[in-house]
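For reference, the structure discussed in these notes is given below.
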Amino acid sequence: MAVSKALIASILISILVFHLVEADQLVNTDTTKGSPSKKIDCGAACSARCQLSSRPNLCRRACGTCCARCSCVPPCTSRNRDVCPCYATMTTRGGQLKCP
């Protein structure tokens, strides 16, 4: 009887661990907005976005931070912020838009 209780307990624990691992894998494939995560070249994307900036180094640094957090950078040099909502809504502590 003790062996069957131990067997049932170990099976239940195994099932629980399996579900936790599966849930963790699902969470790791999603970003904060629920879309699948994709790796982009933040350096190239930010260089393209900041090429016409009056302060390109500052622009690339801020853009790189935003890109790393959001995994996206809006195309073009200053418009199209609606393409990447995470990028467009990120703010500084002072309440100003963080991403160029």
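Note that these values count all heavy atoms, side chains included, but never hydrogens, waters or copies made by symmetry.
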Taking only residues two or more places apart in sequence, or in another chain, which ones meet Ile11 in a side-chain contact (heavy atoms from CB on, under 4.5 Å)?
Leu7, Ile15
Show the numbers, then the answer: is there a disulfide bond (SG atoms under 2.5 Å apart) between Cys70 and Cys84?
CA-CA 8 Å; Cys70 298; Cys84 183; 4.9 Å; no
Taking the side chain as every heavy atom from C-beta outward, state whether Tyr87 and Pro100 have any atom pair closer than 4.5 Å.
yes
Is there a side-chain contact between Cys63 and Val73 in this structure, where contact means two heavy atoms from C-beta onward sitting under 4.5 Å apart?
yes
Mind checking what makes side-chain contact (heavy atoms from CB on, under 4.5 Å) contact with Cys42, not counting sequence neighbours?
Ile40, Cys67
Does a side-chain heavy-atom distance below 4.5 Å link Lys98 with Arg93?
no
Evaluate the pair Cys66, Cys99 and indicate whether the two SG atoms are within a distance below 2.5 Å.
yes
Tell me every residue that passes side-chain contact (heavy atoms from CB on, under 4.5 Å) with Thr91, counting only those two or more places apart in sequence or in another chain.
Leu97
Heavy-atom closest contact (Val83 atom, Pro85 atom, distance)
O-CD, 3.6 Å
For residues 54-61, which side-chain N or O atoms pair as donor and acceptor with protein atoms under 3.5 Å away, sequence neighbours left out?
from  : atom 1 : to    : atom 2 : distance (Å)
Asn57 : OD1    : Arg60 : NH2    : 2.7

